[in-house]
Amino acid sequence: MQTSEIKFGAITISLDFEIHWGVRDHFTVDGHYRQNLLGVRKAVPAMLDLFDEFGIAVTWATVGFLFSKSKDELKDYQPKTLPDYHNETLNPYGESIGNSEKDDLFHFAPSLIQRIKETPGQEIATHTFSHYYCLEPGQTRETFAADLDSAVALAEENDVKLRSIVFPRNQHNEKYTDILLSRGINCIRGNQPNWIYGLDENGKSNKAKRALRLIDQHFNVAGQHAIDWNEIWENEKMANVRASYFLRPAQTRRTWMNDLRFRRLKQSLEFAAQNNKIVHLWWHPHNFGTNTEANIAFLRKVLEVYRTCHEKYGMKSLSMSEIAQTAKQAVSKI
């Protein structure tokens, strides 16, 4: 599939917006990660201000639960058929939560979602309704479809049309493509094609791969992770905007590691800009929940590289759905 008409590179950013729902099987709200979770309330507005300043389009893959204005509303939209994970700690439906965002900042976020909606260039996508694990033993097509229906319905109640999805824990289940398409979702964030980013059939990754991925964040181990436009619609039905880099939180002690990561990102962005390719960055807002100023400062440096690439090479900032639309339009003209 040729897309030679696209003569510019692009940066796309996707955020896994989940607060506690994404880490509840690892951290409690009263544990050592509490400040990261509370810090989301500071990090999200700070990021939005920065995105607005630099004209950055971002896809916010949002857990459906966060749309709820109350505990009762969440229950009203809860699927009738729930996943029966073999690992019971993954089941979120027994989580103790408050009555609304007013008394529970960990499990509700309608005010933050409204702030995202009001910021130009932002796409609200889905991270499934319940932070659903698509490769975990015990889940089925039926329960995934029910979860997605709830996500779509609650998003529509909030005047949001879902077009893109980011799978929790990056557990992309290719068998569910038809379910996504039938709900109007035709764009996913896939994993990097290099073997060090691969998951097993249960969505897990071994220690050796994780170690290599960490090294690859700082040194060029697996290439520039720049995506070709002609890779986006490889299966012609579902756009796959593959991830390039996880933007790790800024180091406050080993600051030399920040310098290595910045150099790695700078090289990839410049390579993409010069060769009409795409770089896809992603992280979670709670990664910026502590040391927020340092993280925002690091992100600013990255966006300054983008701005230079925009001015010098015509690089653009596009959301995931805009990447998919741009690639599709180019294909249709050939």
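Side-chain atoms are counted along with the backbone in the values below, which use heavy atoms only and exclude waters and symmetry mates.
For Q122 (side chain) and P120 (main-chain N/O), a donor-acceptor pair under 3.5 Å exists by modelled atom type. Distance alone, capped at 3.5 Å, places no donor-acceptor pair between the N186 side chain and the M238 backbone. Under the 3.5 Å distance criterion, the side-chain polar atoms of Q114 are left unmatched by any main-chain donor or acceptor of S111. The main-chain N or O of A327 is never found under 3.5 Å from a side-chain atom of W233 such that the two would form a donor-acceptor pair. Proximity of a side-chain donor or acceptor of D25 to a complementary backbone N or O of T89 within less than 3.5 Å is not detected. Without hydrogens or angle criteria, N287 side chain to W283 main chain gives no donor-acceptor distance under 3.5 Å. With hydrogens and angles ignored, the 3.5 Å screen pairs a side-chain donor or acceptor of H127 with a backbone N or O of V166. Under a 3.5 Å cut-off, the side chain of S150 and the backbone N or O of Y77 do form a donor-acceptor pair.
Nearest heavy-atom pair, A125 versus L162, reported as atom, atom and distance to 0.1 Å: C-CD2, 3.7 Å. Here the shortest heavy-atom pairing between P249 and N295 reads CA-OD1, 3.3 Å. Nearest heavy atom pair, residue F51 against residue L303, reads CD2-CD1, 4.3 Å. Here the shortest heavy-atom pairing between I232 and A324 reads CG2-CA, 4.1 Å. Residues F167 and C134 come closest through the heavy atom pair CD2-SG, 3.7 Å. When all heavy atoms of L154 and S68 are compared, the closest pair comes out as CD2-OG, 3.6 Å.
Partner of Y33 under the ring-ring contact (aromatic ring centres under 6.0 Å, His included) criterion, out of H20, H284, H286: H286 alone. Of the residues D147, T126, T143, the one that meets the side chain to side chain donor-acceptor pair (under 3.5 Å) test with Y132 is T143.
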Could you tabulate the donor-acceptor pairs under 3.5 Å formed by side-chain atoms of residues 177-184, not counting sequence neighbours?
unit_1	atom_1	unit_2	atom_2	d
T177	OG1	E174	O	3.1
D178	OD1	R141	NH1	3.2
D178	OD2	R141	NH2	2.9
S182	OG	D178	O	3.3
S182	OG	I179	O	2.8
R183	NE	D149	OD1	2.7
R183	NH2	D149	OD1	3.3
R183	NH2	D149	OD2	3.2

Sequence neighbours excluded and cut-off under 3.5 Å, please list the side-chain donor-acceptor pairs for residues 306-318, or say none.
unit_1	atom_1	unit_2	atom_2	d
Y306	OH	S317	N	3.2
T308	OG1	E304	O	3.1
H310	ND1	M315	O	2.7
Y313	OH	Q274	NE2	3.2
S317	OG	A57	N	2.8

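For the 3.5 Å distance criterion, the side chains of K69 and N158 qualify, holding a donor opposite an acceptor. At a cut-off of 3.5 Å, with distance as the only test, a side-chain donor of E123 or T59 sits close to an acceptor on the other residue. Using a 3.5 Å distance cut-off with no hydrogens or angles, the side chains of S268 and Y245 do pair a donor with an acceptor. Side-chain contact of T28 with D30: a donor-acceptor pair under 3.5 Å is absent, judged by distance alone.
Contacts of K42 classified as side chain to side chain contact (heavy atoms under 4.5 Å, CB included), with partners at least two apart in sequence or in another chain: T292, E293. Checked against side chain to side chain contact (heavy atoms under 4.5 Å, CB included), T252 has the following partners two or more places apart in sequence or in another chain: N291. Judged as a side chain to side chain contact (heavy atoms under 4.5 Å, CB included), and not counting sequence neighbours, the contacts of D49 are R115. Taking the side chain to side chain donor-acceptor pair (under 3.5 Å) definition, one finds that Q251 meets it with nothing, sequence neighbours left out.
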*Give the C-alpha distance, both sets of side-chain angles, the deciding distance and a yes or no for side-chain contact (heavy atoms from CB on, under 4.5 Å) between D104 and N99.*
CA-CA 7 Å; D104 186 345; N99 293 313; over 6 Å; no

*asked:* Working note: F129 + V63, criterion side-chain contact (heavy atoms from CB on, under 4.5 Å); need CA distance, chi angles, decisive distance, verdict.
replied: CA-CA 5 Å; F129 184 67; V63 170; over 6 Å; no

_ring pair (Phe, Tyr, Trp, His ring centres under 6.0 Å), that's the test. Do F106 and F27 meet it? Break it down for me._
CA-CA 12 Å; F106 304 100; F27 306 116; over 10 Å; no

*What do the steps show when you test K71 against D103 for salt bridge (Lys or Arg N to Asp or Glu O under 4.0 Å), and what is the final call?*
CA-CA 11 Å; K71 186 175 182 178; D103 65 358; over 6 Å; no

*Could you walk me through whether W60 and V160 pass the side-chain contact (heavy atoms from CB on, under 4.5 Å) test, one step at a time?*
CA-CA 12 Å; W60 296 75; V160 172; over 6 Å; no

*With side-chain contact (heavy atoms from CB on, under 4.5 Å) as the test, would you mind laying out the steps for I296 and F288 before giving the verdict?*
CA-CA 8 Å; I296 291 296; F288 281 25; 4.1 Å; yes

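The pair E95-R24 meets the salt-bridge criterion, with a side-chain N (NZ, NE, NH1 or NH2) lying under 4.0 Å from an Asp/Glu carboxylate O. A salt bridge between R242 and D228 is absent, with no side-chain N of the basic residue lying under 4.0 Å from a carboxylate O of the acidic one. Of the charged side-chain nitrogens involved, none lies within less than 4.0 Å of a carboxylate oxygen, so that D259 and R263 do not count as a salt-bridged pair. Of the charged side-chain nitrogens involved, at least one lies within less than 4.0 Å of a carboxylate oxygen, so that R41 and E101 count as a salt-bridged pair. Salt bridge annotation for R169-E136: absent, with no cationic side-chain nitrogen under 4.0 angstrom from a carboxylate oxygen.
Counting only heavy atoms from C-beta outward, the side chains of W229 and I323 approach each other to under 4.5 Å. Residues E53 and L50 form a side-chain contact, since some pair of their non-hydrogen atoms from C-beta on lies under 4.5 Å apart. Taking the side chain as every heavy atom from C-beta outward, I165 and C187 never approach each other to under 4.5 Å. Residues F108 and E73 form no side-chain contact, since every pair of their non-hydrogen atoms from C-beta on lies 4.5 Å or further apart. Between V241 and R189 the shortest side-chain heavy-atom distance does not fall below 4.5 Å. Side chains of I11 and I278 form no contact here, defined as non-hydrogen atoms less than 4.5 Å apart. Under the 4.5 Å side-chain criterion, counting only non-hydrogen atoms from C-beta, I124 is not in contact with F17. Between L37 and L105, the closest side-chain pair of non-hydrogen atoms is not below 4.5 Å.
Within 6.0 Å of CD in E118 there are more than 12 heavy atoms belonging to other residues, nucleotides or ligands. Other residues, nucleotides and ligands contribute more than 12 heavy atoms inside 6.0 Å of the NZ atom of K117.
Using the six-membered ring where Trp is involved, Y85 and Y133 have ring planes that are perpendicular, over 60° apart on the 30 and 60° scheme. Below 30°, between 30° and 60°, or above 60°: for W282 and F246 the angle between ring planes is between 30° and 60°, a tilted geometry.
A centroid separation of less than 6.0 Å is found between the aromatic rings of F65 and Y93.
Note: M320 CE to H280 NE2 = 5.5 Å, rounded to the nearest 0.5 Å. How far CD of E142 is from OG1 of T81: 4.5 Å, rounded to the nearest 0.5 Å.
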